[in-house]
Amino acid sequence: MGSWKLLSAVCNLASYPVLCLDYIKLIFPILDSGLPRYIAIFLITMLLSFLNYLGLSIVGYTAVVLGVLSLCPFWLITLFSIPKIDPSRWLSLGQKGVKKDWNLFFNTLFWNLNFWDNASTLAGEVEQPQKTFPKALFSAGIVTCFSYVFPLLGTTGAVPLEQSKWTDGYFANLAAMIAGNWLKYWMELGIVLSVIGLYEAQLSSCAYQILGMAEMGLFPRVFGARSEWFNTPLIGILLPTLVALVVSYLTFTDIVSSVNFLYSLGMLLEFASFLWLRRKMPNAKRPYQVPLSMPGLVVMCFIPSCFLVYVMVVAHRTVYIVSALLTVFAIAWYFFMEFCKTKMWFGFESVDQDKVDDEIF
């Protein structure tokens, strides 16, 4: 499960520079393809990773500021859309003769609303996570839902439907049609800032997950090395950055579909583990316990599990191949690490299992 979640998160890093360029190229068309695009992806990835290297506090405050700045144009386009809304447009079933790509729709929807559980990897850096995390996740969930639903209702109601134009970057064009070019440029800037914040949050999660796996003896001790200046996970930042650079040269659709497939595998196993642990160890110490009985927990996990299975079923062959190769790599990596322990090729942290059991029970 840990390997699937880590691989999905690391591959997901690659989607953000690609998405960022999809909006920047509207202003600088030279970045649409070829060598200039590859250079831009490299520079964006390295710059954002260096910002993460400066420390978690900087990343946190930066993410909050970027979040507010990036949400402002979406709230504004909602307000400017109100006088132009025609409610009948919300009842449209799509343009006749235009194919509906449900695979792309559900993959994009799922990609936009996943990875909430990645915040758990930062729990060790947060004061009173049992109180802070529920409040933060609940408030973030409300803001996220409103920030999606209201701008979509406003723009789809204010502008005639042209399905072929609803691609990456079209929201900026909608802003120009509804309010003017000033909002278009602000929205492009806001989306770029949003992508920066998402990249930083995702990389922080990956870095501290690698750090935690090194501290648990799953990775060699060197993977847990921290920067002497900023106390940030050095290898934990460098390794996902290198993987992201390689994966970022795939198409955005292939990246998102592969990430969703790996994430779905990890989430299904995570739900199964959650239910099994609640049943087998109901009295174990937990920082936060979901206030539901076993039947309620089964229902809670069953609904999203159906969606996870659907996303996996509609994936195409390339996604299956990429996911299978990465799964085989993760399994091979596990046995390679066990072999390294027996041969003592690398140093590993020793974990006192009795102490871990005492903390759990």
Side-chain angles (χ1 to χ4, degrees), residues 12 15-27 44 48 51 58-92 104-116 118-119 132-163 165-202 204 252 256:
N12 192 40
S15 64
Y16 299 125
V18 174
L19 183 61
C20 183
L21 277 183
D22 283 341
Y23 280 87
I24 295 179
K25 72 182 183 183
L26 298 177
I27 302 176
I44 291 173
L48 297 183
L51 178 60
I58 293 178
V59 170
Y61 289 121
T62 301
V64 172
V65 173
L66 294 180
V68 173
L69 292 177
S70 62
L71 287 175
C72 283
F74 288 94
W75 296 334
L76 287 174
I77 198 173
T78 303
L79 294 176
F80 280 99
S81 297
I82 293 176
K84 303 179 181 181
I85 289 178
D86 179 1
S88 64
R89 290 172 177 155
W90 294 334
L91 304 177
S92 172
L104 179 60
F105 170 75
F106 281 109
N107 266 296
T108 304
L109 178 65
F110 184 76
W111 178 77
N112 275 282
L113 298 175
N114 63 12
F115 286 105
W116 289 84
N118 278 8
T132 305
F133 270 51
K135 295 178 182 178
L137 290 174
F138 179 78
S139 58
I142 295 297
V143 172
T144 299
C145 290
F146 286 166
S147 299
Y148 275 116
V149 173
F150 291 141
L152 281 173
L153 286 175
T155 53
T156 54
V159 177
L161 177 62
E162 293 184 73
Q163 281 181 240
K165 293 185 178 180
W166 279 84
T167 58
D168 298 343
Y170 186 56
F171 242 107
N173 293 332
L174 289 174
M177 288 186 281
I178 294 172
N181 285 331
W182 67 272
L183 187 56
K184 173 185 177 180
Y185 297 137
W186 189 358
M187 180 159 290
E188 289 173 346
L189 176 62
I191 292 173
V192 170
L193 294 178
S194 174
V195 168
I196 293 174
L198 290 169
Y199 183 95
E200 298 301 337
Q202 187 78 82
S204 295
F252 181 74
V256 169

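- Ring centers of F171 and F74: under 6.0 Å apart, within the cut-off.
- Formation of a donor-acceptor pair under 3.5 Å by the K84 side chain with backbone atoms of I178 is found in this model.
- Not counting sequence neighbours, Y148 has no partner by the ring-ring contact (aromatic ring centres under 6.0 Å, His included) test.
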Worksheet item: For Y199 and C20, what are the C-alpha separation, side-chain angles and deciding distance, and is it a side chain to side chain contact (heavy atoms under 4.5 Å, CB included)?
Response: CA-CA 10 Å; Y199 183 95; C20 183; over 6 Å; no

Item to complete: Output, in order, the C-alpha distance, side-chain angles, deciding distance and verdict of side chain to side chain contact (heavy atoms under 4.5 Å, CB included) for L21 and I44.
Response: CA-CA 9 Å; L21 277 183; I44 291 173; 4.0 Å; yes

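- M177 contributes atom CE, which lies 11.5 Å from atom CG of L183 (distance to the nearest 0.5 angstrom).
- A search for side-chain contact (heavy atoms from CB on, under 4.5 Å) contacts involving I196 returns L48, L66, V192, L193, E200, not counting sequence neighbours.
- Applying the side-chain contact (heavy atoms from CB on, under 4.5 Å) rule to P160 yields the partners R89; only residues at least two apart in sequence or on another chain are considered.
- Atom CD1 in I77 sits 15.0 Å away from atom CZ in F150 (nearest 0.5 Å).
- W90 places a side-chain N or O within 3.5 Å of a backbone atom of L153 that can act as its donor or acceptor partner.
- The minimum heavy-atom distance linking P73 with M187 is given by the pair O-CE, 3.6 Å.
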Discussion item. Could you walk me through whether V143 and L71 satisfy the side chain to side chain contact (heavy atoms under 4.5 Å, CB included) test, starting with their C-alpha distance in whole Å, then the side-chain angles of each, then the deciding distance to 0.1 Å, before giving a yes or no?
Written reply: CA-CA 10 Å; V143 172; L71 287 175; 3.9 Å; yes

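- Looking at residues two or more places apart in sequence or on another chain, you find a ring-ring contact (aromatic ring centres under 6.0 Å, His included) between W182 and F80.
- Rounding to the nearest 0.5 Å gives a distance of 8.0 Å between CG of L69 and CH2 of W186.
- Looking at heavy atoms from C-beta onward, I85 lies in side-chain contact with P87 at the 4.5 angstrom threshold.
- The shortest non-hydrogen separation linking S81 to G154 is CB-O, 3.4 Å.
- With values rounded to the nearest 0.5 angstrom, Y170 atom OH is found 9.0 Å from T155 atom OG1.
- The side-chain contact (heavy atoms from CB on, under 4.5 Å) test applied to A136 returns no partner, not counting sequence neighbours.
- In plain terms, the two heavy atoms of Y16 and V195 that are nearest each other are O-CG1, 3.0 Å.
- Separating the OG atom in S147 from the CD1 atom in I142 is a distance of 11.0 Å, to the nearest 0.5 Å.
- The ring-ring contact (aromatic ring centres under 6.0 Å, His included) test applied to Y185 returns no partner, not counting sequence neighbours.
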